[in-house]
Protein chains: 2
Amino acid sequence: MIKKPITIKEIAKKLDLSISTVSRALHGHPSISLSTQQKVKQTAQEMDYEPNQAAIFFQKGKTFTIGVILPELAEAFFSTAISAIEDIAYKKNYTILLAQSHDEEDREKQLVEKMKNNRVDGLLVSVAKRTSNFDHFEQLKKYNIPVVFFDRIPPLKNIHSVACNIETGSIEAVNYLLKRGHRSIGLINGPSTLIASGQRKEGYIKALHKNRLKFDPTLIVNCDLSETSTNEALEILLSHKRKPTAIVTFNDYVSAFAIKHAFKSGLNPDHTIEFVSYANSPVIGFMDHPPVASVEQFPTIQGQKAIDTLLDILNTDDTEEAPAFYKIVIESQLVESNKR
Amino acid sequence: MIKKPITIKEIAKKLDLSISTVSRALHGHPSISLSTQQKVKQTAQEMDYEPNQAAIFFQKGKTFTIGVILPELAEAFFSTAISAIEDIAYKKNYTILLAQSHDEEDREKQLVEKMKNNRVDGLLVSVAKRTSNFDHFEQLKKYNIPVVFFDRIPPLKNIHSVACNIETGSIEAVNYLLKRGHRSIGLINGPSTLIASGQRKEGYIKALHKNRLKFDPTLIVNCDLSETSTNEALEILLSHKRKPTAIVTFNDYVSAFAIKHAFKSGLNPDHTIEFVSYANSPVIGFMDHPPVASVEQFPTIQGQKAIDTLLDILNTDDTEEAPAFYKIVIESQLVESNKR
DNA sequence: CTTTTAATATCAAACGTTTGTGTTGAGTTA
DNA sequence: TAACTCAACACAAACGTTTGATATTAAAAG
């Protein structure tokens with residue numbers, strides 16, 4: 001036997017009250033006497049009443065729902081972030097509408113459209129790699145749907161953003177290797193098209209300068225993050241006249257590939273080359289020979305800050321004068337592998 | 001200047017038509033002439049009309065939304081699964097309401113409640129480890145909200161489920177090691193409370209029997225999946241009188257820990273011990289010394305099948321007589337590491 | 001004894017859409 | 001030409017809830 005949800009109307013009929021009274025009673029409205037409030041609440045309980053959210057959303061024009069658009073759910077960074085986001089949403093009684101762009105501009109555009117149709121209260125977005133046109137985000141402003149970008153920030157002005165400052169970590173990373181006695185430090189970087197690659201390079205160079213070391217551009221090699229490409233990059237570095245004794249890599253995966261290759265090829269016979277990478281992802285814990293350190297980018301904190309500021313925006317009156325734009329920066333931080 | 005969404009009412013006014021005509025025109029209803037359909041659709045375009053989903057949900061009593069409750073979003077298996085689920089939902093114009101139970105019964109219960117309030121059309125659930133009472137799922141039947149369980153199936157009758165048959169993979173795994181010449185094969189299993197552990201053990205034993213090998217219970221050691229516990233398990237196995245030359249482990253992570261330990265401790269001096277594990281997760285690709293093979297459990301396929309059957313259920317008339325219960329089993333499969 | 005005030009509860013509109021049932025007028029049939 | 005058909009559209013109810021305006025009552029104030 002299928003129960004169909006009961007409504008406040010039926011409660012009203014049962015108690016011989018008006019619908020509005022029941023509604024107000026359930027919300028503890030002061031113009032309803034405590035005695036009737038009691039009665040209403042109790043019979044609501046007894047009748048297994050549960051408010052029809054669809055109706056409430058509709059009538060309030062608010063859904064208590066937050067759209068989250070991520071490039072790739074299966075990536076550790078993002079799945080960690082979404083986990084943190086969901087936790088906070090859960091606590092604040094918001095709901096997560098999840099979607100992934102697969103780093104495609106088209107799909108991202110369609111998802112934004114869909115989110116708009118679903119009347120999400122706000123949006124959390126980490127931009128797709130291949131997105132070059134950002135009109136679909138600009139559009140949202142007109143509809144008064146706030147967006148907080150995180151980790152992957154588009155080059156727009158007047159947006160809310162949460163991101164990690166890679167440079168600090170980069171500098172820490174190089175300093176750390178210098179402290180360990182290395183004087184020739186290589187960098188296996190990602191594709192030069194990525195902003196993230198630029199940041200890593202900047203930090204790397206800046207750290208060398210700060211330490212009054214001359215910067216040798218041939219010690220930087222790019223790769224496309226694949227295993228073969230990483231291996232090639234490593235070989236180039238190690239065939240260098242002044243062979244680096246330590247290498248900074250774009251992320252932990254690149255590090256893993258490079259380390260594996262360094263061990264298997266004869267290029268690193270005495271196993272002395274030390275690696276430092278970015279992300280500090282769980283994979284490090286499973287490696288036989290992990291990098292000595294990794295720059296943590298705090299997916300959890302980024303996710304938390306992002307949804308926190310979004311909720312903050314949602315809960316401040318729109319009537320305020322100048323809309324302030326949040327730009328939250330989290331300092332990345334070098335984490336030594338043995339201290340994890 | 002903030003645009004507020006326009007409605008069919010306004011389109012109607014502009015074209016001097018009735019609301020219902022506009023609605024029907026937009027849906028291509030046959031009782032509306034093609035010429036007006038054209039006109040309506042065009043002006044809808046021009047006016048940037050977008051249907052108010054909240055209103056549609058409300059009036060249809062359907063939300064085109066599917067709730068997904070997973071134990072842990074940050075786990076590779078589940079993030080892969082949710083990724084596949086989202087992809088299909090996207091194609092079919094459904095939306096994903098995501099939540100994680102963190103393997104807690106209480107939270108799971110609350111989430112089910114929340115999903116019910118949000119009037120999801122259906123639910124996809126992978127049950128929390130610590131859930132022992134399943135009333136909250138039974139409840140959903142009364143509200144006519146279909147649930148498809150996947151991967152972690154509760155011990156209930158008359159439910160829809162999608163799961164992976166571990167046994168086949170287990171047998172394959174042992175056979176594979178036997179073919180490679182091993183005659184003493186250990187098993188580092190998970191906590192005995194997990195059904196998954198039982199399945200692995202069964203397959204392991206069955207494979208030995210099929211090959212007319214005697215089963216030595218002391219070659220099975222349990223661990224709690226942590227690194228230290230894994231190391232202990234490995235040490236117990238390797239201190240065995242008849243030292244195993246190959247080891248099956250509960251999953252890739254356990255394998256990673258064990259392999260790391262085997263290399264670092266002196267227990268495996270000639271590095272000949274071979275490992276086989278479960279999950280075939282990406283981490284294998286990053287290991288210096290990966291297990292020789294891993295039993296793939298197809299998170300993508302499981303997710304796909306799960307949402308497919310849910311959509312199937314949602315789109316068949318409720319009026320049918322006997323509700324059939326789907327029980328989909330996917331055969332696990334051994335994947336050799338070098339063939340990945 | 002009338003007028004205020006405060007407390008309590010009701011009325012009715014509104015949110016945007018879908019959909020069963022009318023209504024209209026032109027064309028067809030006998 | 002009267003009766004009928006059918007295409008093309010309009011009307012209005014319904015979905016469940018919230019909320020501003022309004023009504024009722026009784027007690028307090030004048």
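Computed from heavy atoms alone, side chains included, the values below leave out hydrogens, waters and symmetry copies. In what follows, every chain begins at residue 1, and chains take the letters A, B, ... in the order their sequences are listed.
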>> Is the phosphate of D:dT17 approached by A:Tyr49 (side-chain N or O, under 4.0 Å from OP1 or OP2)?
In response: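 Checking D:dT17 against A:Tyr49, a side-chain N or O does come within under 4.0 Å of OP1 or OP2.
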> Distance check: side-chain N/O of B:Ser23 vs OP1/OP2 of C:dG16, anything under 4.0 Å?
Replying inline: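 Indeed not, no polar side-chain atom of B:Ser23 lies that close.
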Protein-nucleotide distance ([X], atom [atom1]; [N], atom [atom2]), rounded to Å:
X	N	atom1	atom2	answer
B:Leu15	D:dA10	CG	P	10 Å
B:His29	C:dG20	NE2	P	8 Å
B:Leu26	C:dT18	CG	P	8 Å
A:Ile11	D:dT18	CD1	P	11 Å
B:Ile19	C:dG20	CD1	C1'	16 Å
A:His27	D:dG16	NE2	C1'	12 Å
B:Lys9	D:dA10	NZ	P	16 Å
A:Glu50	D:dT17	CD	C1'	16 Å

> Nearest nucleotide by nearest heavy atom, which residue falls closer to the 5' end of DNA chain D, B:Ala55 or B:Ser31?
Replying inline: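 The residue whose closest nucleotide sits nearer the 5' end is B:Ser31.
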> What about A:Ser18, does its side chain sit under 3.5 Å from the base of C:dC11 through a donor-acceptor pair?
Replying inline: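 Side chain to base: no pair present.
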>> Check this for me: does the side-chain of A:Arg24 come within 3.5 Å of the base of C:dT8 through a donor and an acceptor?
In response: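 By the distance-only test, no, there is no pair.
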The side chain of [X] lies closest to which of these nucleotides: [options]?
X	options	answer
A:Ser20	D:dC9, C:dT17, C:dA12	C:dA12
B:Ile32	D:dC9, C:dG16, D:dT17	D:dC9
A:Lys60	C:dA9, D:dT17, D:dT19	D:dT19
B:Asn52	C:dG16, D:dT18, C:dT18	C:dG16

> Which word best sums up how the rings of B:Phe149 and B:Phe137 line up, parallel for under 30°, tilted for 30 to 60°, or perpendicular for over 60°?
Replying inline: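 Ring orientation, 0 to 90° scale: perpendicular.
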> Any chance the side chains of B:Gln42 and B:Glu46 put a donor and an acceptor closer than 3.5 Å?
Replying inline: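 Side chains of B:Gln42 and B:Glu46: pair found under 3.5 Å.
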>> Heavy atoms only, 4.0 Å cut-off, all strands: where does B:Ile56 land among base, sugar-phosphate and nothing?
In response: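 Since only primed, P, OP1 and OP2 atoms lie under 4.0 Å of B:Ile56, the category is sugar-phosphate.
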> With a 4.5 Å heavy-atom cut-off, do A:Asn118 and A:Thr65 have their side chains touching?
Replying inline: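 Side-chain contact under 4.5 Å: no.
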> With a cut-off of under 6.0 Å to the ring centre and 45° to the axis, is B:Arg107 in cation-pi contact with A:Tyr90?
Replying inline: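 Checked: cation-pi criterion met.
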>> Please evaluate residues A:Lys305 and A:Asp312 with respect to the criterion salt bridge (charged side-chain N to carboxylate O under 4.0 Å, His left out), reporting the C-alpha separation (whole Å), side-chain torsions for both, the decisive distance (0.1 Å), and the verdict.
In response: CA-CA 10 Å; A:Lys305 289 285 175 203; A:Asp312 199 38; over 6 Å; no
>> Between C:dC15 and A:Phe58, is there a base-stacking contact, meaning the centre of the base's six-membered ring lies under 5.5 Å from the residue's ring centre while the planes stay under 30° apart?
In response: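 It does: the two rings, one from A:Phe58 and one from C:dC15, meet the stacking criterion.
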